[in-house]
Amino acid sequence: MGDVTGHDVRAAVTMSQVRNMLRGIACDRQKPPNAILRRLDLAQHTLLATTATCIYAIVRGPGGGPWELNYSNAGHLPPLLVTYEGAPATSTTATTFSWTSRR
């Protein structure tokens, strides 16, 4: 998820550019989320004159779980995991969540 400053066509175009840079870096680098956002930050500050926020996450695990969400955050609130029972879980320090599906 991400956001750039502004609410006009220029902001929409900039968000598209940031999203495409993120896709390119993530596909090319195959690194942890914090390394990907570090590269995106460098590219964004070099190429674009705007402020952007982003949360980038990778979910891994077998089809039925357990899964692991590894994320990095640049200006966004940390992700909120809501369990099957409806209990919220968040962390201000960890960058990994683990969970299993219950159907």
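All values derive from a computational prediction rather than experimental measurement.
- Taking CG of D41 as the start and OG1 of T46 as the end, the distance is 9.0 Å to the nearest 0.5 Å.
- Taking 4.5 Å as the limit, some side-chain heavy atom of I55 sits within range of a side-chain heavy atom of Y71.
- When all heavy atoms of L37 and S72 are compared, the pair lying nearest together is CD1-O, 3.4 Å.
- Closest non-hydrogen pair, P33 versus N70, comes out as CG-O, 3.3 Å.
- For the residue pair A35 and K31, the shortest heavy atom distance occurs at CB-CB, 3.8 Å.
- Of the inter-residue distances, the one linking L22 atom CG with Y56 atom OH reads 6.0 Å to the nearest 0.5 angstrom.
- For the atom pair T53 OG1 and D3 CG, the distance stands at 5.0 Å (nearest 0.5 Å).
- Residue C54 comes nearest to L40 through the heavy atom pair SG-CD2, 4.5 Å, listed as atom of the first residue, atom of the second, then distance.
- Within the model, atoms CD1 of I36 and CG of D28 stand 8.5 Å from one another, a figure rounded to the nearest 0.5 Å.
- Residues L47 and M21 form a side-chain contact, since some pair of their non-hydrogen atoms from C-beta on lies under 4.5 Å apart.
- Paired with S16 under the rule side-chain contact (heavy atoms from CB on, under 4.5 Å), one option of V18, V13, N20 passes, and it is N20.
- At least one side-chain heavy atom of Q17 sits less than 4.5 Å from a side-chain heavy atom of L48.
- Formation of a donor-acceptor pair under 3.5 Å by the W67 side chain with backbone atoms of P62 is found in this model.
- Between the side chain of Q44 and the backbone N or O of T50 there is at least one donor-acceptor pair closer than 3.5 Å.
- Taking every heavy atom of both residues into account, A43 and I25 meet most closely at CB-CD1, 4.4 Å.
- Heavy-atom neighbours of R19 CZ from other residues, nucleotides or ligands within 6.0 Å: above the threshold of 12.
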